[in-house]
Amino acid sequence: MKEKKTEEARLPRHVAVIMDGNGRWAKKRLLPRSAGHKAGVKRMLSLVDQMFRRGIKYVTLYALSAENLARPQEELNELFSLLRAYFAENVQKLKAQEIRLSVIGDRSLLPADIVQAIEAGERDTLNCGKGRLILAIAYGGRQEIVRAVNVAVAAGKQVTAEAFSALLNTAEIPDPDLMIRTGRETRISNFLLWQAAYTELYFSDKMFPEFSEKDLDAALRDYASRERRFGRVKE
């Protein structure tokens with residue numbers, strides 16, 4: 001029993017994932033980028049299930065960055081179609097699993113029907129309490145911080161770190177314990193900049209569609225081996 005408690009203590013409560021490499025995965029196989037995005041969604045669905053089954057309570061996925069919206073319109077149309085399909089096909093599955101859905105990002109940058117689907121999904125899963133899936137869509141960390149600063153300025157307030165955190169999209173969500181990035185890049189690309197101050201970072205050479213269950217377990221084992229001091233000296 002003691003060993004089980006030790007393992008549970010080492011499990012991250014909140015894992016954030018930068019799902020990178022879909023396009024490169026497709027290019028390597030001489031496929032269109034759209035095929036990579038479809039493969040990425042398939043992998044995303046499996047990965048989310050695997051993380052919740054392992055006992056992780058919060059999962060945040062970088063689905064579409066604010067910067068991604070500068071991509072060619074044809075690719076954006078494909079990405080928006082995948083988002084529409086995701087909300088149409090998966091919200092009720094999340095509800096059945098007691099997983100609450102939340103979306104962070106600038107919804108004003110999205111098509112109106114996708115915003116409606118987001119709002120409906122959040123509303124339908126509001127009372128689910130076994131886990132929480134957070135999708136970052138049209139999201140940028142700098143943009144989020146600037147928006148929060150403007151809210152504080154408009155209110156004429158000076159804020160503490162805690163009060164500032166309450167102005168962010170993630171106000172009710174604990175900071176990530178572990179951030180995984182696939183795709184061989186070693187940066188966090190404007191993702192959860194404030195929230196990731198003490199997050200453990202894990203970089204994988206795998207393109208996201210090929211990031212397997214074994215790769216996830218390797219990331220979790222690596223996290224469990226680290227000593228988190230949060231700037232303090234361990235006694």
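This one's a predicted model, so the numbers in the text were calculated from it and none came from an experiment.
When every heavy atom of Leu110 is checked against every heavy atom of Ala138, the shortest pair comes out as CD2-CB, 4.0 Å. Between Trp25 and Leu31, the shortest heavy-atom distance links the atoms CZ3-CD1, 4.3 Å.
With Arg10 contributing its side chain and Arg221 its backbone, the two residues share no donor-acceptor pair below 3.5 Å. With Ser46 contributing its side chain and Arg43 its backbone, the two residues share no donor-acceptor pair below 3.5 Å. In this structure, Thr160 contributes its side chain and Ala163 its backbone to a donor-acceptor pair below 3.5 Å. At distances below 3.5 Å, at least one donor-acceptor pair connects side-chain atoms of Thr199 with backbone N or O atoms of Pro176. Checked by atom type and distance alone, the side chain of Asp175 never pairs as donor or acceptor with a backbone atom of Ala196 at under 3.5 Å. Distance alone, capped at 3.5 Å, places no donor-acceptor pair between the Asp217 side chain and the Lys214 backbone. Between the side chain of Ser212 and the main chain of Asp215, a donor-acceptor pair closer than 3.5 Å is present. Judged by distance alone, the side chain of Asp205 and the main-chain N or O of Arg184 form no donor-acceptor pair under 3.5 Å. A donor-acceptor pair under 3.5 Å is formed between the side chain of Asn190 and the backbone N or O of Gly141. At least one donor-acceptor pair under 3.5 Å links the side chain of Arg24 to the backbone N or O of Gly183.
Side chains of Arg132 and Ser102: a donor-acceptor N/O pair is present below 3.5 angstrom, by distance only. In this structure, a donor-acceptor pair under 3.5 Å is present between the side chains of Tyr223 and Arg228.
Within the structure, salt bridge (charged side-chain N to carboxylate O under 4.0 Å, His left out) contacts touching residues 140-159 (residues at least two apart or in different chains) do not occur. Within the structure, salt bridge (charged side-chain N to carboxylate O under 4.0 Å, His left out) contacts touching residues 82-95 (residues at least two apart or in different chains) are Arg84-Asp113.
By the criterion of side-chain heavy atoms lying less than 4.5 angstrom apart, applied directly or through intervening Ile, Leu, Val, Met, Phe, Trp or Tyr residues, Val17 is grouped together with Leu83 in one hydrophobic cluster. Under a hydrophobic clustering in which Ile, Leu, Val, Met, Phe, Trp and Tyr are joined whenever their side-chain heavy atoms come within less than 4.5 Å, directly or via other members, Ile180 and Ile56 fall into the same cluster.
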Candidate pair Arg71 and Glu75, rule salt bridge (Lys or Arg N to Asp or Glu O under 4.0 Å), full reasoning: CA-CA 7 Å; Arg71 291 185 177 184; Glu75 183 172 355; 3.0 Å; yes
